[in-house]
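Chain letters run A, B, ... following the sequence lines, proteins first and then strands; every chain starts at 1.
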2 protein chains.
Amino acid sequence: MSIDTLGLREQKKRETRQAISDHATQLFLQRGFDRTTIADIAGAARVAKMTVTNYFPRKEDLALDHHEAFVAGLAEAVARRPPGESALGAVRRAYAQALEQRDPVIGFTGRDFARMIADSPTLVARLRDLHEQREEALARLLTTEIDRTGEASDETGRTGETDPTDATGRSSGTGGTPPEDNVGGEAGGGVIVARAVAAQLAAADRLLFRELQRRTLAGQDDDEIAGALAETARRVFDLLEPAISTYAVRRPA
Amino acid sequence: MSIDTLGLREQKKRETRQAISDHATQLFLQRGFDRTTIADIAGAARVAKMTVTNYFPRKEDLALDHHEAFVAGLAEAVARRPPGESALGAVRRAYAQALEQRDPVIGFTGRDFARMIADSPTLVARLRDLHEQREEALARLLTTEIDRTGEASDETGRTGETDPTDATGRSSGTGGTPPEDNVGGEAGGGVIVARAVAAQLAAADRLLFRELQRRTLAGQDDDEIAGALAETARRVFDLLEPAISTYAVRRPA
DNA sequence: ACAGATTTTTAGGTCCGTCCTAGATTTAGG
DNA sequence: CCTAAATCTAGGACGGACCTAAAAATCTGT
């Protein structure tokens, strides 16, 4: 459990994982995702097939690694908003910043990588899954903020009837919590608004991701894309402004 | 090619297809989707495995049949709106009507069916895919309406710079049109607004579907669900109202 | 430094969905 | 009735996901 020395075992695990990931990426970009088998990757990395599966349970995980940051990103941007900023404002600002940084999280993946994804139905489906988890994480955050801060904006007015028994997220698309959370019955009025706001913000996020991906596939360079997407983002977020600009405004400390 | 007599061959095809679908549904509800093999279904329907695959290329198609109506539904509701009604108004009205009719399209599938879907990651993913196609169909419609009617509402103002070269939809998630549509480059400003509106309406649609599914899984009966969802829908659509209530209002004929 | 405990890797195999092929069967239309 | 077309069948190939037992490597306590 030593922290600084890391241990030889842990070190080798990282090396093995990295080696597998590297060879996989190379083969995917070279031959395409579906035309590369796990056996190919295992052979290139000189490990057993089972070792590949061990590190990356699903084949898609080899191409879409670091998905945890992606899933949490949207919610974290909102969680870190300064006093006076709304959820929409936080998302808008985070997107502009990611645009400046050419952040892969919003779609700056490079042309070959974008093509690899677009050419594989499996990867497209997995990306959809990740986007939904991204929305779920945001919905979870906004829902808990109702309880913690008595979130209630003016656009619906009657969130007073909220019975804040629930703050748990929904059962995930795949995994799932078999015993249905006790929310179910009648979720308080505020919960549905939080979910609706999360749905709208996530929809904007997905739309912008797709636009960026489209331009990447069309061969535009990153600077050109960043410029165009800044304007696109402005329009998309402006459209949401009258609906949710007063939702989840962080109260001045 | 006779229309009224249908032909013996066509008749038998329908019977075979129906028999396979019926046996599949029964087995799925009984044992669950993932614990039922195609061989089981073929055996129950007394046909060869290949015949099952022949009628239903993917296993998911056996559980989520009639997906064409589902995919087209949202766009058709908007396409059929009367003069003076906006896209949002059309979707809201269509949803209320579907709620009255206990329409399976919005999630009235029965408890066992809902559980079958929720228990299978494969089916959940496929359902997501269908929802996205539903959004794409709507986006396609709203985009074409820009060209046809010079759609330009007041919320963005500057849709005048639209260069209506494009009306085609995006390449579908799975299938796809390999040669990128020539839109790509710089889509006119109106196109992105149309896509954003479609994204918001589809997000609301998905959210309401999930809420209905959640209640179904919780064991609520259809009347109880319909009542609660009517209120939920009102809140969700009300939230969108200030953003897009003036978008795509059909001009009085 | 060594022995036992723990973790990781390996090799083998099973199961199932998807895809392919060739041949048998059935229907449609002359 | 006979030919052409479509459909169904059987069998197998392939790949991804999963399982098991055993081998190899690393860690731990003495």
Side-chain angles (χ1 to χ4, degrees), chain A residues 1-21 23-24 27-28 31-64 119-126 129 174-175, chain B residues 1-21 23-24 27-28 31-64 119-126 129 174-175:
Chain A
M1 276 192 210
S2 57
I3 298 176
D4 49 344
T5 177
L6 263 182
L8 180 57
R9 178 170 282 168
E10 200 62 23
Q11 201 173 327
K12 285 210 171 184
K13 271 184 72 173
R14 290 172 193 236
E15 285 174 13
T16 304
R17 183 191 170 88
Q18 194 57 43
I20 292 171
S21 178
H23 284 108
L27 288 172
F28 286 158
R31 299 189 219 166
F33 183 79
D34 293 303
R35 275 168 300 287
T36 303
T37 72
I38 291 184
D40 291 339
I41 298 163
R46 304 175 56 84
V47 295
K49 283 192 313 179
M50 206 50 198
T51 303
V52 176
T53 301
N54 203 9
Y55 281 101
F56 304 90
R58 280 162 304 186
K59 192 186 177 188
E60 306 93 271
D61 297 335
L62 282 159
L64 301 174
D119 283 347
S120 165
T122 308
L123 285 179
V124 171
R126 174 64 175 153
D129 186 14
T174 54
Chain B
M1 279 189 212
S2 57
I3 298 173
D4 48 346
T5 177
L6 264 182
L8 181 55
R9 178 170 285 171
E10 199 62 23
Q11 200 173 329
K12 284 207 171 184
K13 274 182 68 174
R14 289 174 193 237
E15 286 173 11
T16 303
R17 183 191 170 90
Q18 193 59 42
I20 292 172
S21 178
H23 284 108
L27 288 172
F28 287 157
R31 299 190 219 167
F33 183 78
D34 293 303
R35 275 169 299 288
T36 303
T37 72
I38 291 183
D40 291 338
I41 298 163
R46 302 176 56 84
V47 296
K49 283 193 314 179
M50 209 45 204
T51 304
V52 176
T53 301
N54 202 8
Y55 280 100
F56 303 90
R58 280 162 305 185
K59 192 186 176 187
E60 307 93 271
D61 296 336
L62 282 158
L64 300 174
D119 284 346
S120 165
T122 309
L123 285 179
V124 170
R126 175 62 175 155
D129 185 15
T174 54

Would you mind telling me which of [options] lies closest to the side-chain atoms of [X]?
| X | options | answer |
| --- | --- | --- |
| T51(B) | dT9(D), dT7(D), dT8(C) | dT9(D) |
| M50(B) | dC8(D), dT26(D), dA10(D) | dA10(D) |
| I38(A) | dA17(D), dC8(D), dT9(C) | dA17(D) |

Strictly below 4.0 Å: does [X] bring a side-chain N or O up to OP1 or OP2 of [N]?
| X | N | value |
| --- | --- | --- |
| Y55(B) | dT7(D) | no |
| K59(B) | dT18(C) | no |
| K12(B) | dT27(C) | yes |
| N54(A) | dT8(C) | no |
| T37(A) | dG15(D) | no |

ask   = Using a cut-off of 4.0 Å on non-hydrogen atoms, how would the nucleic acid contact of F56(A) be classed: base, sugar-phosphate, or nothing?
value = nothing
ask   = If you look at every strand shown and take non-hydrogen atoms under 4.0 Å, does T36(B) touch a base, only sugar-phosphate, or nothing?
value = sugar-phosphate
task = With a 4.0 Å heavy-atom cut-off, tell me which residues in residues 39-49 of chain B come close to DNA chain D, sorted by residue number.
result =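 Heavy-atom contacts with DNA chain D come from V47(B), A48(B).
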Which whole-number value in Å describes the distance from [X] [atom1] to [N] [atom2]?
| X | N | atom1 | atom2 | answer |
| --- | --- | --- | --- | --- |
| E15(B) | dT7(D) | CD | C1' | 15 Å |
| D61(B) | dC19(C) | CG | C1' | 15 Å |
| K13(A) | dT6(C) | NZ | P | 16 Å |
| R14(A) | dT26(D) | CZ | C1' | 16 Å |
| R31(B) | dC16(C) | CZ | P | 10 Å |
| R17(B) | dT7(D) | CZ | P | 13 Å |

key: Result of checking Q11(A), Q18(A), E10(A) against R14(A) for side chain to side chain contact (heavy atoms under 4.5 Å, CB included)   = E10(A)
Heavy-atom side-chain proximity of [X] to [Y] below 4.5 angstrom:
| X | Y | answer |
| --- | --- | --- |
| D129(B) | V124(A) | no |
| I41(B) | F28(B) | yes |
| L62(B) | I20(B) | yes |

query = Any chance the side chains of D40(A) and T37(A) put a donor and an acceptor closer than 3.5 Å?
reply = yes
inquiry  = Can you confirm whether more than 12 heavy atoms, excluding those of R46(B), are under 6.0 Å from its CZ atom?
reply    = no
inquiry  = Assess the residue pair S21(B) and Y55(B) against the criterion (side chain to side chain contact (heavy atoms under 4.5 Å, CB included)); give the C-alpha distance rounded to whole Å, side-chain angles, the decisive distance to 0.1 Å, and a yes or no.
reply    = CA-CA 9 Å; S21(B) 178; Y55(B) 280 100; over 6 Å; no
